[in-house]
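Report on the following structure.
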Amino acid sequence: MTKRTHHCNQLTRQENDQNVTLIGWVQNIRKIGKILFFTLADKHGTTQIVVPDSNPNLLQIAQQLGYQYVVAVEGKVRLRPPKDVNLNMTTGEIEVVASQLHILSPCADPFPLSIDERDTVSEHVRMQYRYLDLRRPSMQEALRFRHNLCFCVREYFHQQGFLEVDTPLLTKSTPEGARDYLVPSRVHPGQFYALPQSPQMFKQLLMIGGVEKYFQIAKCFRDEDLRADRQPEFTQIDVEMSFVEPEDIFSTMEGMFATIFQRILQQPLSTPFPRIRYSEAIEKYGSDKPDLRLEIALQDLSYIAQNTNFRVFQNALQQKGVVKGICFPNAAQHYSRKKLDELATAIQDFQAKGLAWIKIQNQQPQSPIKKFFSPSQLKQLQTLFQANENALILIVADSPNVVHASLSYLRNRLAKELGLLDDQHFAFCWITDYPLFEYNPEEERLESLHHPFTSPHPNDLHLLEKDPLSARSLAYDLVLNGVELGSGSIRIHNPQIQEKIFQLLQLPQEEIQKRFGFFLKALQYGTPPHGGIALGLDRILMLLGGFESIREVIAFPKTATAACPMTGCPSEVSDQQLNELHISLKKG
RNA sequence: GGGGCCGUAGCUCAAUUGGUUAGAGUCCCAGACUGUCGAUCUGGUGGUUGGGGGUUCGAGUCCCCUCGGCCUCGCCA
């Protein structure tokens with residue numbers, strides 16, 4: 001095959017007069033009289049090729065060229081006439097005068113999408129022809145970005161003395177948590193492997209195995225409904241360390257991000273990241289994944305509300321609810337009655353029954369509920385929210401969960417609508433001191449908030465029996481710009497405590513042995529204190545790269561229904577395959 | 001499982017209150033053009049309006065079902 005001597009972003013006036021060979025895809029052909037120009041593109045860039053009128057045989061071959069043909073061009077570099085220099089191209093000072101053209105591969109017509117970045121192509125078509133979509137420079141850049149970041153992560157952990165260890169993809173189903181993807185066993189009729197939701201138990205077993213510092217860029221699988229930032233298979237930066245406390249994990253990960261920012265983004269990153277206790281995050285921002293690009297916090301006005309005549313506030317407070325609000329300066333004129341109604345409708349998703357609002361306009365509070373407040377109460381409100389002219393205060397009265405979910409949503413939504421969020425700014429924070437358990441009212445039992453291997457907070461061990469819901473854990477989340485990047489914890493290394501947790505989760509002894517027996521056994525043989533974290537690699541790339549969806553940083557992503565329009569998976573399989581797997585399908 | 005938006009030429013879109021033969025740009029084909037670079041100019045090809053059913057004199061438009069895409073609530077230890 002013809003070998004290329006240069007790539008398509010390489011030639012400058014330095015190479016003037018040199019004989020070169022380039023190989024690439026034909027981008028666009030311009031025929032002017034008897035001269036023919038075309039742009040040749042490879043992954044590095046583009047170069048203009050001229051087929052001169054002095055070579056009729058070559059022109060004849062050039063006539064056969066079409067969009068996205070793969071062609072090898074032999075020719076001589078020459079400087080363009082000064083008036084025809086194209087400053088938009090790296091190679092715009094030169095062109096290659098073709099002496100030979102070899103069509104290596106023609107391209108089917110019609111071409112199903114445009115490679116040109118200036119054109120928009122629907123995402124469905126992009127997914128169907130992902131291999132063509134990938135030819136777009138922005139997608140090449142996204143793939144390179146992902147590679148560079150992974151490379152940087154591996155180098156960082158390597159230098160810190162970590163070992164990257166592969167863990168199995170065919171493993172044991174451990175209910176609790178997300179729905180598993182199952183793989184039927186041919187050799188064991190009626191039995192199934194599960195694809196890992198995370199390598200959780202394996203990385204702990206590696207600690208028991210004396211590895212001390214483990215990391216892995218690990219594929220994980222969860223059979224749950226999708227979102228813009230959720231795929232059925234995704235990638236985690238998975239980390240586990242022995243003999244550590246939370247702060248050791250924090251500084252290790254901060255070091256990783258500092259390295260990424262320095263090498264990949266070439267911008268400074270301020271460390272350490274702020275640490276915020278879970279309870280404080282909920283009180284101040286209504287969420288355990290606050291967007292700290294925005295300083296505005298929620299305010300509790302229950303003490304004012306309880307003295308007003310407003311029935312809605314009274315009722316909420318009587319039912320152990322709260323009245324809280326959030327104030328946006330300079331927002332009043334942007335929110336008409338109609339838009340405020342839309343906000344009220346939107347928070348119905350979170351079971352909120354209503355939205356109260358106050359605008360400060362012409363130095364006066366304007367509000368449908370103004371009549372329920374005395375002048376001094378209005379004054380108190382304005383002071384509490386530091387509400388100046390043109391401020392907009394949004395208030396929700398309900399149970400704490402509803403109030404926090406609603407106001408957190410409104411905080412994010414208005415910040416976005418008002419253009420207060422700079423996507424070039426990266427605000428990290430650690431959320432700490434999570435509760436160990438939450439109550440599942442449907443199953444009438446406790447559930448682990450993080451996972452059942454999470455160590456209780458040492459100061460709260462005494463609460464496990466009498467008030468488990470008040471017990472804190474040594475779990476933590478890392479949040480970036482309002483998105484949860486991942487979570488981790490210090491693990492339980494004491495088999496008695498681990499068994500105690502399983503009991504509190506009301507797992508029957510038999511069940512515990514069946515699911516986790518091997519793991520409890522392992523804990524008995526000298527388990528080092530250990531802990532770790534797992535971060536969503538795709539989400540990190542999405543945020544640092546300024547993408548709207550993690551699909552943009554995954555070469556071959558799936559749709560919202562977990563399908564692939566390109567390969568057509570999932571798909572039916574033959575009866576023979578099913579027979580071998582001892583599976584019969586339900587009719588209907 | 002629920003809610004919202006969407007589906008018209010290969011691609012990106014338009015089509016008035018339900019009213020003539022569903023248009024435009026681009027792509028492709030042919031011709032013209034000796035410095036273009038999203039070339040330009042002239043002409044041409046290209047349609048099961050996602051699919052099925054219904055209402056109507058008449059459906060891209062209204063109704064029902066269905067398929068597909070995107071967003072979102074629930075869900076995601």
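This is a predicted model, so every value here is computed, not measured. Lettering follows sequence order; numbering is per chain, from 1.
Between the P atoms of B:U20 and B:C67, the separation comes to 33 Å (whole Å). A distance of about 15 Å separates the P atoms of B:G47 and B:U8, rounded to the whole Å. With both ends at atom P, the span from B:G69 to B:C64 equals 22 Å, rounded to whole Å. Here the separation of B:C27 from B:C37, taken at their P atoms, is 13 Å to the nearest Å. Separation of the C1' atoms belonging to B:G58 and B:A22 is 15 Å when rounded to the nearest angstrom. For B:G60 and B:G50, the C1' atoms lie 12 Å apart once the distance is rounded to whole Å. Spacing of P atoms, B:A39 relative to B:C28, comes out at 9 Å, to the nearest Å. Separating the C1' atom of B:G10 from that of B:C57 is a span of 37 Å, rounded to the nearest Å.
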ring-ring contact (aromatic ring centres under 6.0 Å, His included) between A:F453 and A:F519, intermediate numbers included: CA-CA 10 Å; A:F453 314 110; A:F519 186 73; 5.0 Å; yes
Steps toward ring-ring contact (aromatic ring centres under 6.0 Å, His included) verdict (A:Y434, A:Y476): CA-CA 7 Å; A:Y434 273 85; A:Y476 35 80; 8.8 Å; no
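With a 6.0 Å cutoff to the six-membered ring centre and a 45° limit on the axis angle, A:K339 counts as a cation-pi contact of A:Y335.
B:G7 is paired with B:C67 under the criterion used here, namely a Watson-Crick or G-U wobble arrangement in which both key atom distances are under 3.5 Å. For B:U16, there is no paired nucleotide, since no Watson-Crick or G-U wobble pair has both relevant distances below 3.5 Å.
Between A:F437 and A:L505 the shortest side-chain heavy-atom distance falls below 4.5 Å.
Taking 4.0 angstrom as the limit, A:S114 places none of its side-chain polar atoms (N or O) nearer than this to OP1 or OP2 of B:U12.
Under 3.5 Å, the side chain of A:D225 and the base of B:G74 form at least one donor-acceptor pair of N or O atoms. Within 3.5 Å, a donor on the side chain of A:R230 pairs with an acceptor on the base of B:C76, or the reverse.
By the 6.0 Å contact criterion, CD on A:Q509 is enclosed, its count of non-hydrogen atoms from other residues, nucleotides or ligands being greater than 12. The number of heavy atoms from other shown groups lying within 6.0 Å of CD (A:E572) does not exceed 12.
With 3.5 Å as the limit, one finds no donor-acceptor pair spanning the side chains of A:Q236 and A:R539.
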What side-chain donor-acceptor pairs closer than 3.5 Å can you find for residues 69-79 of chain A, not counting sequence neighbours?
from  : atom 1 : to     : atom 2 : distance (Å)
A:E74 : OE2    : A:H102 : NE2    : 3.2
A:R78 : NE     : A:E95  : OE2    : 3.1
A:R78 : NH2    : A:E95  : OE2    : 3.4

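Between the C1' atom of B:C75 and the CD atom of A:E484 lies a distance of 14 Å, rounded to the nearest Å. The interatomic distance linking A:I550 (CD1) with B:C76 (C1') rounds to 12 Å, in whole Å. For the pair A:Y129 OH and B:G69 C1', the computed distance is 16 Å after rounding to whole Å. The separation between A:Q348 atom CD and B:G2 atom P is 19 Å, rounded to whole Å.
The backbone N or O of A:E510 sits nowhere less than 3.5 Å from a side-chain atom of A:Q513 that would complete a donor-acceptor pair.
The residue among A:Q351 and A:Y67 whose nearest nucleotide of RNA chain B is located toward the 5' end is A:Y67.
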Filtered N/O pairs between nucleotides 70-72 of chain B and protein, under 3.5 Å:
from  : atom 1 : to     : atom 2 : distance (Å)
B:C70 : OP2    : A:A560 : N      : 2.8
B:C70 : O3'    : A:R551 : NH2    : 3.1
B:C71 : OP1    : A:R551 : NH1    : 3.1
B:C71 : OP1    : A:R551 : NH2    : 2.8
B:C71 : OP2    : A:R551 : NH1    : 3.4
B:U72 : OP2    : A:A228 : N      : 3.3

Interface polar pairs with nucleotides 32-35 of chain B, N/O, under 3.5 angstrom:
from  : atom 1 : to    : atom 2 : distance (Å)
B:C33 : N3     : A:K31 : O      : 3.3
B:C33 : N3     : A:G33 : N      : 3.4
B:U34 : N3     : A:D53 : OD2    : 2.4
B:U34 : O4     : A:D53 : OD2    : 2.6
B:G35 : O2'    : A:K83 : NZ     : 2.8
B:G35 : O2'    : A:D84 : OD1    : 2.8
B:G35 : O2'    : A:D84 : OD2    : 2.6
B:G35 : O6     : A:R78 : NH2    : 2.5
B:G35 : N1     : A:E95 : OE1    : 3.4
B:G35 : N1     : A:E95 : OE2    : 2.8
B:G35 : N2     : A:Q48 : NE2    : 3.4
B:G35 : N2     : A:E95 : OE1    : 2.3
B:G35 : N2     : A:E95 : OE2    : 3.2

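Electrostatic pairing of A:R515 and A:E511 counts as a salt bridge here, judged by a charged N lying under 4.0 Å from a carboxylate O.
Scanning residues 490-499 of chain A for heavy-atom distances under 4.0 Å to RNA chain B yields an empty list.
A:F202 pairs by the ring-ring contact (aromatic ring centres under 6.0 Å, His included) definition with nothing, not counting sequence neighbours. For A:S287, the side chain to side chain donor-acceptor pair (under 3.5 Å) test picks out no residue, with sequence neighbours left out.
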